[in-house]
Amino acid sequence: MALPAAFYERDTVTVAKNLLGCLLVHCEETGTTAGRIVEVEAYLRGDPAAHSYRGETKRNSAMFGPAGHAYVYRIYGLHTCVNVVTETEGAGEAVLVRALEPVVGLDLMQARRGTDDPLSLASGPGKLAQALGITMDLNGTSLRDGPLQVRSPANPPELRPEDIVQTTRVGITKAADLPLRFYLKGNRYVSRR
DNA sequence: TTGCGGATGAACT
DNA sequence: GTTCATCCGCAAA
């Protein structure tokens with residue numbers, strides 16, 4: 001089931017950690033694809049690495065929109081990345097979804113990714129967007145009742161603090177030392193590096 | 001109007 | 001470990 005609005009209206013680090021284990025589901029005509037979130041990164045207000053750092057622009061406006069919506073952007077001209085907007089409206093904070101453990105629609109993901117190796121279907125922000133067929137038109141859409149949704153799994157496994165690894169974020173040049181990356185300990189589907 | 005560089009991934013050496 | 005594919009919003013001018 002979709003998560004309540006209150007889930008997203010908390011501090012971003014808390015939301016990031018609680019997104020681990022949740023499902024990211026994309027329903028469309030060609031079929032449904034879904035994966036379990038195993039790796040995320042938090043981007044905060046006043047954080048030089050965050051797209052919102054220099055204020056609201058056309059590109060990042062979804063980050064300043066309501067919590068529980070998607071911020072989707074294109075990077076390096078070719079890859080698409082998905083964020084979950086958090087906090088109070090206007091804060092400009094979000095959680096980047098970095099890796100999924102494929103759960104539903106493996107065949108569709110394989111076709112889109114051009115590989116049948118489950119470990120490389122969605123183990124990276126660009127990969128997971130490609131695997132789920134996420135495009136820029138999902139930018140700003142609600143993750144609670146849109147075509148792209150975050151849901152809690154049917155039987156939420158007990159997640160203890162020691163099951164979550166906290167470390168530095170990947171691929172950024174500014175504020176690279178902040179420990180705002182979180183992933184499930186020992187999970188084989190997290191991105192490398 | 002233009003030039004730049006980035007929250008990446010794949011294919012190289 | 002290094003290279004490069006390939007786009008667009010943004011800041012500077």
Side-chain angles (χ1 to χ4, degrees), chain A residues 8 11-13 15-17 19-20 22 24 26 33 35 37-65 67 69-87 91-102 108-141 143 148 150 164-184 187-193:
Chain A
Y8 302 100
D11 80 271
T12 301
V13 167
V15 175
K17 288 192 274 194
L19 279 172
L20 293 173
C22 290
L24 185 65
H26 189 203
T33 44
I37 299 173
V38 299
E39 178 182 349
V40 296
E41 285 177 1
Y43 287 86
L44 309 177
R45 174 170 26 192
D47 172 0
H51 289 172
S52 56
Y53 185 59
R54 293 176 185 279
E56 183 173 352
T57 66
K58 188 174 182 180
R59 178 199 187 205
N60 67 20
S61 63
M63 271 187 99
F64 293 87
H69 284 228
Y71 166 48
V72 182
Y73 67 91
R74 182 173 294 275
I75 190 69
Y76 300 121
L78 13 139
H79 303 293
T80 304
C81 300
V82 192
N83 292 251
V84 175
V85 178
T86 63
E87 269 274 346
E93 302 197 348
V95 176
L96 171 69
V97 182
R98 283 197 54 91
L100 301 177
E101 176 179 336
L108 193 48
M109 294 192 207
Q110 287 165 355
R112 284 171 174 155
R113 292 274 304 120
T115 176
D116 57 357
D117 175 11
L119 287 176
S120 56
L121 281 181
S123 54
K127 295 182 191 177
L128 75 88
Q130 185 182 26
L132 293 205
I134 291 167
T135 50
M136 285 300 297
D137 58 335
L138 291 169
N139 187 32
T141 61
L143 293 169
L148 182 66
V150 176
I164 299 176
V165 178
Q166 176 169 183
T167 180
T168 52
R169 295 176 291 187
V170 173
I172 55 173
T173 55
K174 289 161 283 190
D177 54 326
L178 295 181
L180 292 174
R181 177 185 180 213
F182 305 90
Y183 61 89
L184 293 181
N187 191 284
R188 304 174 59 212
Y189 295 89
V190 303
S191 67
R192 325 217 166 222
R193 247 189 269 207

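Nothing here was measured: the structure is a model prediction, and the numbers come from that model. Here is how names work: the chains are called A, B, and so on, in the same order as the sequence lines, proteins then strands, and each is numbered from 1.
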Rounded distance in Å - [atom1] ([X]) to [atom2] ([N]):
{"X": "A:Ile75", "N": "B:dG5", "atom1": "CD1", "atom2": "C1'", "result": "9 Å"}
{"X": "A:Leu128", "N": "B:dA7", "atom1": "CG", "atom2": "C1'", "result": "12 Å"}
{"X": "A:Arg54", "N": "B:dG5", "atom1": "CZ", "atom2": "P", "result": "13 Å"}
{"X": "A:His79", "N": "B:dT8", "atom1": "NE2", "atom2": "C1'", "result": "4 Å"}
{"X": "A:Arg74", "N": "C:dC7", "atom1": "CZ", "atom2": "P", "result": "9 Å"}
{"X": "A:Gln130", "N": "C:dA5", "atom1": "CD", "atom2": "P", "result": "18 Å"}
{"X": "A:Phe182", "N": "B:dA7", "atom1": "CZ", "atom2": "C1'", "result": "15 Å"}
{"X": "A:Arg98", "N": "B:dG9", "atom1": "CZ", "atom2": "P", "result": "7 Å"}

Need to verify one output field. Residue with the more 5' nearest nucleotide on DNA chain B, A:Lys174 or A:Ser120? A:Lys174
First of A:Thr173 and A:Gly126 reached from the 5' end of DNA chain B, by closest nucleotide: A:Thr173
Any luck finding a side-chain donor-acceptor pair between A:Thr115 and A:Asp117 under 3.5 Å? no
Pi stacking test for A:Tyr76 and C:dA5: under 5.5 Å apart, planes under 30°: no
Measure across A:Arg169 and A:Ala175 and return the closest heavy-atom pair with its distance rounded to 0.1 Å. NH2-O, 3.4 Å
Nearest heavy-atom pair of A:Val38 and A:Val190: which atoms, and what distance? O-CG1, 3.8 Å
I'd like to know if the side chain of A:Asn60 and the backbone of A:Gly55 have a donor-acceptor N/O pair within less than 3.5 Å. yes
N/O donor-acceptor pair under 3.5 Å between A:His26 side chain and A:Leu132 backbone: yes
Looking at B:dA7, which nucleotide sits across from it as a Watson-Crick or G-U wobble partner, both distances under 3.5 angstrom, or is there none? none
Please give the nucleotide sitting opposite C:dT6 as a Watson-Crick or G-U wobble pair, both distances under 3.5 Å, or none. none
Among B:dA7, C:dT6, B:dA10, the one nearest A:Leu78 by side-chain distance: C:dT6
Select base, sugar-phosphate, or nothing to describe what A:Met63 touches, counting heavy atoms under 4.0 Å on all strands. base
Between C:dC8 and B:dA10, how far is it from one C1' atom to the other, in whole Å? 22 Å
Between A:Arg59 and B:dG6, is there a contact of a side-chain N or O with OP1 or OP2 at under 4.0 Å? no
